[in-house]
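First the structure, in the form of structure tokens, and then the observations on it.
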Number of protein chains: 2
Amino acid sequence: MAGFLSVAGLSSVLRPALKLCNLNMRSHSKSREKRVTIKDIAKVAGVTHGTVSRALNDSPLVKVETAKRIKRIAKRMGYRPDRIAQSLKRRRTKTIGLIIPDILNPFFATITHGVEEKATELGYHVILVNTNRDLVREASEIKLLCERKVDGLVICPISYGSAKHLRRFKNESPFILLGSNMPGLVVDYVVSDDVQGAYLATTHLIDLGHRRIAHISDPSNTSPAESRTTGYKKALLERKIRVEENLVVPGGANIDSGYNAAGKLFEMPDPPTAIFAANDLTAIGVLALAKERNISVPEELAVVGYDDIEIAKYVEPPLTTVAQDKRRLGRLAVQLLCDKLNSQEETDIHQIVVQPTLVVRASSRTASKSVLNLSKVTVESPSS
Amino acid sequence: MAGFLSVAGLSSVLRPALKLCNLNMRSHSKSREKRVTIKDIAKVAGVTHGTVSRALNDSPLVKVETAKRIKRIAKRMGYRPDRIAQSLKRRRTKTIGLIIPDILNPFFATITHGVEEKATELGYHVILVNTNRDLVREASEIKLLCERKVDGLVICPISYGSAKHLRRFKNESPFILLGSNMPGLVVDYVVSDDVQGAYLATTHLIDLGHRRIAHISDPSNTSPAESRTTGYKKALLERKIRVEENLVVPGGANIDSGYNAAGKLFEMPDPPTAIFAANDLTAIGVLALAKERNISVPEELAVVGYDDIEIAKYVEPPLTTVAQDKRRLGRLAVQLLCDKLNSQEETDIHQIVVQPTLVVRASSRTASKSVLNLSKVTVESPSS
DNA sequence: TATATTTATACACACGTGTGAAAAAACCAG
DNA sequence: CTGGTTTTTTCACACGTGTGTATAAATATA
């Protein structure tokens, strides 16, 4: 005992620690070793687990000297907190759920990137759920994630039909809608100004001299789908061009749908000279069919997409498209969500609308023509 | 009161339930309502929470009649289990961690798709971690996921350097390597036969008459990177073509790296007539530069990629590539992992090697030439 | 020295669920 | 009705952590 006092603190650390090591070694030789808990540390340090808990959480209630000693012991014993137990007690899991319809779509992959990145920065983990556009699954997963006590949810809704589930789980976990909002549901969301984006795209085509401009719409029942069609029509109306409903055909968020929709348009007696697709993948499908039919783009047909996914610039010809900063959208959503989590004020809601920009590439512009003067337009040269 | 009794059994359910509803209503009017726990159910049902727990888990220790009654009450009260508390007690979270280097690469996005899909089927949730190829982050995240008590991990390693961390956490959570294995580390993995894939690709180019075949390698220190270079050289050696080390230039898993690497190759006094890129994105970069320099593909330069990501078929010209069933790889990894979790035998390890196939498209074949007769080769017509 | 005041630690309960073992209830044979 | 057997429920503790309060120790004040 007397010896202890001389080295003050250190000795009392080392000896019992070694003792406990031996205790642990007694477990089934090759099998998994038992986890070190704060109780084990307490035993070694000669204090109660309560004190250890406080020490590790830097509570001012424990003497700094003791705290240091306990932390040393904890480190030496290889202590690592059990996040599950913490979650149960602290009533937050530091986890958010991300629900997206289709991870294979680069649009959502990039959003996921932004979400994961920001979440990590803020100390959260992301549970990823890919619904494959299944509304039933979306609902059941929201439920499951709530049971799992995620602190919040970022949801990219599939359709207005989601509103029903959302309303139901509103009080369970706070959530942010991403990419699409819900009419009649007062919630936080981060969206892009899709009306404006579609308006820019269509106006661009009109400026190039096109009058028969088709639109391959997104048939999903969501706000971006609706808004893009709205923006398209708005541009036409504003320029006194008649909106022909048969020039608006439904597509989908994949390449095949564009291919098929283009087929219908090409078959028309008086086919369009330009196509505005609600989605880059759809637009790529259009390009694929155009090539197959030897329809030269942009000379015989101008094509504009939406989203500016990475490959848009590498398809042939490079695709003019409306760019959304998808990564930023994801980051914003998480930021918003976590702000909400950290402020008890449940009252004020935030709704962020991000402005898209038009990126002009070769699919809507012959090599010679150029010099556009629209605001919010980026013109990319192929060699930049 | 009397009316209730006639319905035998229902009455005892309804009345106390309503009572409790009132109790809950007393919370701050608009704020979050208190969760229903098994104790609440117990109070209403007039039993202990232990019995409720057993009833809800279909334990044979509770009378079926009682169990039914309890379940009815639970449903009526809107009970939903607290998965965190369950996890703490049951010692498993029904969660797996997925660690990937780059979600923006469609290759990993598709793997993620497969992993999430299979995990859902088996009742697991997936925590997604995107490391951005940061080895330090990979290590710290493995640690964090272990603290979170994920039941297992699926890891797409960034480099052999990962082995260090992996060894360290081997006893914490079981894991499966996906896409790349680790020499000197005896663990379960699911990989593709990359030597064979690269061999197929290179042989294909040789069969087309090419002799100066460059290889844009993946400079990462991983088994697929190594193996693809190995397969490339193996094919050359087998056909008695000298391996020129300066025809092997490093790339990376993105478009720019291919663009840059192609630049170096084109600059050579005696440039290659064919390029085998270790990655589709890299190959797409090659195509981009070739177009810029007016080098026609495949006439002046044949290009072959690896992975067969979705857009490979839509770039110009459509890209010949080595196809891996990425979704299947992801599903297999999860299947393997969960098998491991459900069998206590920690002894036997499983190592699955999936065979890739060559998909021939226009980037390595002129429209006229065709009729190849290699086994494991798919020839896609542009219109299929 | 005794008392008030501050500081540090111990104690005990809590989070929501699961479970072995004791206790109670129901059933059965004599 | 007794004693034994089986079925059903209760009791009490556990998982690993956090935290309010009581208690003990150290320090300051009178």
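- Across the protein-nucleic acid pair, B:Glu65 atom CD and D:dT9 atom C1' stand 14 Å apart, rounded to whole Å.
- Every residue two or more places apart in sequence or in another chain that forms a salt bridge (Lys or Arg N to Asp or Glu O under 4.0 Å) with B:Glu141 is listed here: B:Arg137.
- For B:Arg80, the salt bridge (Lys or Arg N to Asp or Glu O under 4.0 Å) test picks out A:Glu147, A:Glu172, with sequence neighbours left out.
- Comparing the axis of the opening five pairs of the helix from C:dT1-D:dA30 to C:dG30-D:dC1 with that of the closing five pairs yields an angle of 60°, rounded to 10°.
- Judged purely by atom type and a 3.5 angstrom limit, A:Arg148 has no side-chain atom pairing as donor or acceptor with the backbone of A:Thr95.
- The salt bridge (charged side-chain N to carboxylate O under 4.0 Å, His left out) analysis of residues 48-68 of chain B, with sequence neighbours excluded, yields the pairs B:Asp58-B:Lys71.
- The pair B:Asp188-B:Lys340 meets the salt-bridge criterion, with a side-chain N (NZ, NE, NH1 or NH2) lying under 4.0 Å from an Asp/Glu carboxylate O.
- Residue B:Arg69 contributes atom CZ, which lies 13 Å from atom C1' of D:dT8 at whole-angstrom precision.
- Residue B:Thr66 is classed as a sugar-phosphate contact, given heavy-atom separations below 4.0 Å to backbone atoms only.
- Using a 4.0 Å heavy-atom distance criterion, B:Ser87 is classed as making no nucleic acid contact.
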Protein heavy-atom contacts under 4.0 Å, written 5' to 3' over nucleotides 12-22 of chain C as B (base), S (sugar-phosphate only) or - (none), form the string B-BBBBBBBB-
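- For the pair A:Thr66 (side chain) and A:Val62 (backbone), a donor-acceptor distance under 3.5 Å is absent.
- A donor-acceptor pair under 3.5 Å is formed between the side chain of B:Thr120 and the backbone N or O of B:Glu116.
- Evaluation of the salt bridge (Lys or Arg N to Asp or Glu O under 4.0 Å) rule for A:Glu138 yields no partner, not counting sequence neighbours.
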